**Q** 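I'd like to ask some things about the structure below.
Here the structure is a predicted model, which means the values were calculated and not measured. Just so it is clear: chains get the letters A, B, ... in the order the sequence lines come, proteins before strands, and each one is counted from 1.
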There are 2 protein chains.
Amino acid sequence: MLSKSCVYALRSIVYIGHHATVEHKLGIKEIADELDLPVHFLSKILQRLVKHNIVQSVKGPHGGFFLNDKSKETNLLSIIDVIDGLAFFTNCGLGLKECSETHPCPLHDDFKIYRDGLYFLFSEKKISDLITKIEAGNAFIRNLPQY
Amino acid sequence: MLSKSCVYALRSIVYIGHHATVEHKLGIKEIADELDLPVHFLSKILQRLVKHNIVQSVKGPHGGFFLNDKSKETNLLSIIDVIDGLAFFTNCGLGLKECSETHPCPLHDDFKIYRDGLYFLFSEKKISDLITKIEAGNAFIRNLPQY
DNA sequence: TAAATAAAAGATATTTAGGTCTTTTATTCT
DNA sequence: AGAATAAAAGACCTAAATATCTTTTATTTA
């Protein structure tokens, strides 16, 4: 559903939001190492997010990536929009051009429930919400299950 | 969510099930023309479905594709399984390996609702159900909206 | 049984997503 | 100002999905 680029984006933003501050920015290498992602590929992804002001960055010594307060309140849909676009949430489940709300395909009404549900979920959920969950013990990088 | 191959598969099965009979089979060219799909690409897809006995085919003069009664009752999930696999319905929404039911990622519980919903939808819905809908006037190839 | 037909199978090409490497630019610190 | 640092940008490479073309096999009919 979401491309690799997109889940890499979500994971790295959450990681940056959780661990970086303006005083202590995170370098691309650090992030890629921790999340086990290809450095240069992630670099491209973060570039795009910086351009859209979803992630903040500073070049040079002690530079790196961080999130300002506003960025932490970014909803997941905005990130998906930047990386993958919103085609999934608008296109017909059977890929039919002739399918619409007024002239729905045989799958439309049923499919729409979940497609719209995901749209709602991604537009409600913010980066800060995910960070809160991680702090509460949910699975993430290095948040290993406690038995 | 579903690959092009997969929606092509679904659309062509529905079309075959709707228009072909054992007496009057449909040739690959006819199908591809009607559904506006690349002939040889569709051919490959139908081959796989024939191998899995989801579509029936006969070679030679008056040969072509059709669906037997059992095939018409195939659920959509079986088709998705053959073409795309079921990874979408089992994998974590954030692509995390460490995410599980007992140690869920920050998105898991919310995402699961829709992912499982789609799984249920696709396992309930049969080809015959879609054909019934088309006969009732739902959007499909050549089923143009009536104003 | 030979010719015609149509799917199956194989080989190859194109496009897109994913990934790597190198050079440039901005910033900091000495 | 010059060296060091780290992101940005650009060029390039690889693998997978999508698409096309050609040959083979099975079937029918004359």
**Q** With a 4.0 Å heavy-atom cut-off, tell me which residues in residues 30-45 of chain B come close to DNA chain D, sorted by residue number.
**A**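 Within residues 30-45 of chain B, the residues near DNA chain D are B/Pro38, B/His40, B/Phe41, B/Lys44.
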
**Q** Sorted by first residue and then second, give each ring-ring contact (aromatic ring centres under 6.0 Å, His included) pair with at least one member in residues 63-86 of chain A; sequence neighbours left out.
**A**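 The answer is none; no pair qualifies.
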
**Q** Which pairs pass salt bridge (Lys or Arg N to Asp or Glu O under 4.0 Å) with one or both residues in residues 92-108 of chain B, sequence neighbours excluded?
**A**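 Listed by first then second residue: B/Glu101-B/Lys112.
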
**Q** Which one of A/Leu37, A/Leu35, A/Ile134 satisfies the side chain to side chain contact (heavy atoms under 4.5 Å, CB included) criterion with A/Tyr15?
**A**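 Of the listed options, the one satisfying the test is A/Leu35.
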
**Q** Taking five pairs at each end, how big is the angle between the two axes of the helix from C/dT1-D/dA30 to C/dT30-D/dA1, to 10°?
**A**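 Taking five pairs per end, the axes differ by 0°.
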
**Q** Does a side-chain N or O from A/Ser57 land closer than 4.0 Å to OP1 or OP2 of D/dA6, or not?
**A**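 For A/Ser57, the contact criterion (side-chain N or O under 4.0 Å from OP1 or OP2 of D/dA6) is not met.
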
**Q** Strictly by modelled atom types, are A/Asp81 and A/Ser78 linked by a side-chain donor-acceptor pair under 3.5 Å?
**A**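 A/Ser78 and A/Asp81 do not have a side-chain donor-acceptor pair below 3.5 Å.
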
**Q** Can you check the B/Lys4 NZ to C/dT14 P distance for me, whole Å?
**A**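 After rounding, the gap between these two atoms is 17 Å.
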
**Q** For the side chain of A/Thr132 and the backbone of A/Ser128, is there at least one donor-acceptor N/O pair under 3.5 Å apart?
**A**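 Looks like yes, one N/O pair under 3.5 Å.
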
**Q** Side chains of A/Glu135 and A/Asn138: is there a donor and an acceptor less than 3.5 Å apart?
**A**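 Side-chain D/A pair, A/Glu135 to A/Asn138: absent.
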
**Q** Give me each pair satisfying side-chain hydrogen bond (donor to acceptor under 3.5 Å, both in side chains) with a member in residues 2-12 of chain A, each pair once, sequence neighbours excluded.
**A**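 Every side-chain hydrogen bond (donor to acceptor under 3.5 Å, both in side chains) pair that includes a residue of residues 2-12 of chain A, provided the two are not neighbours, is A/Ser3-A/Asp84.
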
**Q** Can any side-chain N or O of A/Ser57 pair as donor or acceptor with the backbone N or O of A/Gly64 at less than 3.5 Å?
**A**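 Not confirmed, A/Ser57 side chain does not pair with A/Gly64 backbone.
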
**Q** What pairs of residues pass the salt bridge (Lys or Arg N to Asp or Glu O under 4.0 Å) test when at least one of them lies in residues 23-38 of chain A, not counting sequence neighbours?
**A**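 Every pair satisfying salt bridge (Lys or Arg N to Asp or Glu O under 4.0 Å) with a residue in residues 23-38 of chain A: A/Glu34-A/Arg142.
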
**Q** Should A/Ile127 and A/Ile79 count as side-chain neighbours, where that means a heavy-atom distance under 4.5 Å?
**A**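 They are in side-chain contact.
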
**Q** Of all residues at least two apart in sequence or in a different chain, which pass the side-chain contact (heavy atoms from CB on, under 4.5 Å) check with A/Asp129?
**A**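 A/Asp129 satisfies side-chain contact (heavy atoms from CB on, under 4.5 Å) with A/Lys125, A/Lys126 only.
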
**Q** With A/His62, which residues qualify under side-chain contact (heavy atoms from CB on, under 4.5 Å), at least two apart?
**A**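 side-chain contact (heavy atoms from CB on, under 4.5 Å) list for A/His62, sorted by chain: empty.
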
**Q** Pull out every protein N or O sitting under 3.5 Å from an N or O of nucleotides 26-30 of chain C, one pair per line with the distance.
**A**
residue, atom, partner, partner atom, Å
C/dA26, O4', A/Lys59, NZ, 3.3

**Q** Near DNA chain D, counting only heavy atoms under 4.0 Å, which residues of residues 46-56 of chain A show up?
**A**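 Under 4.0 Å from DNA chain D: A/Gln47, A/Val50, A/Lys51.
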
**Q** Mind listing the residues from residues 12-29 of chain A sitting with a heavy atom below 4.0 Å of DNA chain C? Number order is fine.
**A**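 By residue number: none to list.
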
**Q** Side chain to side chain contact (heavy atoms under 4.5 Å, CB included) with B/Leu49: which of B/Val55, B/Thr74, B/Ile16?
**A**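 Between B/Leu49 and the candidates, side chain to side chain contact (heavy atoms under 4.5 Å, CB included) is satisfied uniquely by B/Val55.
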
**Q** B/Tyr8 side chain N/O closer than 4.0 Å to the phosphate oxygens (OP1, OP2) of D/dT18?
**A**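 Indeed not, no polar side-chain atom of B/Tyr8 lies that close.
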
**Q** Among residues two or more places apart or on two chains, list those pairs meeting ring-ring contact (aromatic ring centres under 6.0 Å, His included) that have a residue in residues 114-135 of chain A.
**A**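 Passing the test, one end in residues 114-135 of chain A: A/Phe89-A/Tyr119.
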
**Q** Can you see if the side chain of B/Ser5 gets near the phosphate of D/dA17 - specifically, an N or O under 4.0 Å from OP1 or OP2?
**A**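 So the side chain of B/Ser5 is outside the cut-off, no N or O lying under 4.0 Å from OP1 or OP2 of D/dA17.
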
**Q** Do B/Leu10 and B/Leu130 make a side-chain contact, defined as non-hydrogen atoms from C-beta onward lying under 4.5 Å apart?
**A**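 When only atoms from C-beta onward are counted, B/Leu130 and B/Leu10 do not touch, as no gap falls below 4.5 Å.
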
